[in-house]
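Sequence lines set the chain letters: A, B, ... in the order given, protein chains first and strands last, and positions in each chain run from 1.
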Amino acid sequence: MTDPVPDYTGRDGRLELSAPATPEILELVHAMMAHLWTTHEVTAQQRVRFETSVIEILGNIVEHALVGSAPGDGRRFDIVLDVGRDDVVARLGDNGIPVEMDLSKATMPDELAEDGRGLALAKAALDSLSYRRIDGRNLWDLVVLRGGS
Amino acid sequence: MTDPVPDYTGRDGRLELSAPATPEILELVHAMMAHLWTTHEVTAQQRVRFETSVIEILGNIVEHALVGSAPGDGRRFDIVLDVGRDDVVARLGDNGIPVEMDLSKATMPDELAEDGRGLALAKAALDSLSYRRIDGRNLWDLVVLRGGS
Amino acid sequence: MTEFGVETRADGVGVVTPEGRLNMVSARRLREVLVGLVERGTSRIVVDLGETTFVDSSGLGALIGGLKTARQAGGDLRVARVSPAVLSVFELTNLDRILRPRPSVDGAFDD
Amino acid sequence: MTEFGVETRADGVGVVTPEGRLNMVSARRLREVLVGLVERGTSRIVVDLGETTFVDSSGLGALIGGLKTARQAGGDLRVARVSPAVLSVFELTNLDRILRPRPSVDGAFDD
Ligand SMILES: Nc1ncnc2c1ncn2[C@@H]1O[C@H](COP(=O)(O)OP(=O)(O)O)[C@@H](O)[C@H]1O
Ligand SMILES: Nc1ncnc2c1ncn2[C@@H]1O[C@H](COP(=O)(O)OP(=O)(O)O)[C@@H](O)[C@H]1O
């Protein structure tokens with residue numbers, strides 16, 4: 001996780017959303033990804049791996065935004081999405097509490113577990129997932145490569 | 001149009017999108033407005049007046065973004081949407097050519113005209129529409145008041 | 001995305017049913033559909049807006065364009081089953097007089 | 001938004017059909033529906049995923065929760081008509097072994 005923070009501002013086709021961190025916003029982020037697929041040819045496998053991972057990471061942000069904060073207290077997030085020639089990328093940022101876990105240790109729980117699968121699923125589905133805390137913000141970078149499937 | 005530029009950053013529930021100025025993006029902006037209506041009770045009349053106006057102004061931006069520029073040359077826009085206690089507001093910004101027309105003179109054309117209705121329709125539908133050129137950017141502010149219908 | 005149903009009835013009236021939103025993307029296709037019908041000899045046309053959830057000024061332009069083309073060929077264009085939301089756009093642009101909405105597709109040419 | 005079809009067949013098997021996306025919002029409702037069925041005596045349940053376009057980890061959690069509740073009551077939970085997209089989420093989480101997808105709702109309890 002000592003790679004430089006990728007800079008997405010040169011990607012002209014990117015979509016950027018900033019919005020309240022609420023459960024309802026998940027549907028709008030699905031609509032953004034659906035928009036990406038109408039303008040780029042990405043395989044079904046790559047789409048499902050990307051969509052699932054984005055929703056897992058955003059779901060965690062929303063969940064932790066709600067913990068210990070009254071509804072409507074202004075917890076927000078932002079997301080950048082882009083399909084490049086070689087990759088599909090997402091960056092999620094929020095000003096919530098720092099994430100107290102080691103991503104490299106996120107593994108699939110017991111098959112009968114009812115939770116704890118989110119990060120392991122995103123790791124398994126993505127070609128790269130990284131978490132950083134920068135300037136009081138959580139930053140998640142997600143990549144699916146378009147090369148194979 | 002000499003009012004101060006409204007500041008929307010204090011509106012915690014606002015949605016902000018930045019995206020390429022393409023015709024396809026209209027559908028995503030419709031989805032953003034649909035999201036606003038699921039989280040706020042706005043009358044059907046107010047919704048249609050707001051949605052129509054946002055799509056007219058954005059449609060113009062997309063049209064003028066395409067004129068004289070190759071596809072994919074990076075023309076983008078941004079939009080802020082929010083439902084407040086008393087109003088529904090949108091701000092659209094783009095770095096396109098300055099708009100060479102006097103908004104106060106936009107009137108409904110002859111009934112058999114096939115175009116030229118967009119701005120007049122937005123003016124008729126909104127409680128307030130203003131255009132400014134600031135720092136090389138076009139800024140459009142749209143307001144529907146929630147008081148009456 | 002907007003789909004267009006197009007059929008020609010036994011009495012020669014063409015019925016076009018745009019589904020979804022009629023905006024700058026789909027209005028262009030509606031224009032082509034309407035001109036195509038008139039060129040193939042169908043100049044009495046009903047646009048059934050019962051499945052149309054949204055119309056902007058380019059959609060209105062396509063309807064007016066179709067109306068003029070149909071009238072030039074000796075026919076007419078009528079709109080039917082207009083939702084309250086779309087009707088308010090007709091009213092804001094004063095087009096409810098020239099695009100006088102009819103309650104049903106079947107009766108749209110009765111007067 | 002996700003809707004849930006719920007019916008109990010003549011043979012006593014309950015069939016639940018979530019429509020749309022099974023995410024953190026709708027998974028909570030699915031959990032309630034499954035527990036409700038078992039509480040009312042229906043412990044053999046098929047979740048028909050034929051209308052489900054997306055499942056995330058909370059959706060998977062709701063299915064596993066339902067499976068455990070049904071088994072505790074002497075029954076079982078089976079999933080049917082899983083799309084390729086949803087199947088790949090089962091596979092990425094290794095849940096395709098415990099939530100072994102069946103091709104049809106009717107035959108889901110045949111083995
Ligand atoms: N955005 C986040 N903010 C704070 N903590 C987080 C965040 N994402 C994940 N975590 C921590 O990582 C743990 C594992 O997350 P996950 O694998 O998604 O499973 P689950 O959310 O089902 O518990 C969470 O329980 C939480 O403690
Ligand atoms: N975003 C914009 N950028 C540049 N010019 C604009 C823009 N919006 C409107 N205009 C000008 O205003 C005119 C009237 O616009 P409008 O009422 O929407 O009708 P139409 O687009 O159908 O011609 C346009 O023809 C154009 O010259």
Tell me if the CG atom of Asp102(A) is crowded by more than 12 foreign heavy atoms within 6.0 Å.
yes
Considering heavy atoms only, which positions within residues 82-92 of chain A lie below 4.5 Å of chain B?
none
Please flag which part of Ile25(A) lies under 4.5 Å from any non-hydrogen atom of chain B: side chain, backbone, both or neither.
both
Can you say whether Arg14(A) sits under 4.5 Å from chain B via the side chain, the backbone, both, or neither, judging by heavy atoms?
both
Restricting to non-hydrogen atoms, name the atom on Pro20(A) and the atom on Gly13(B) that form the minimum distance, rounded to 0.1 Å.
CG-O, 3.6 Å
Give, for atom OG1 of Thr38(B) and atom CD of Glu27(A), the distance between the pair rounded to the nearest 0.5 Å.
9.0 Å
Measure the CZ-CG distance between Arg76(B) and Leu15(A) for me, rounded to the nearest 0.5 Å.
7.5 Å
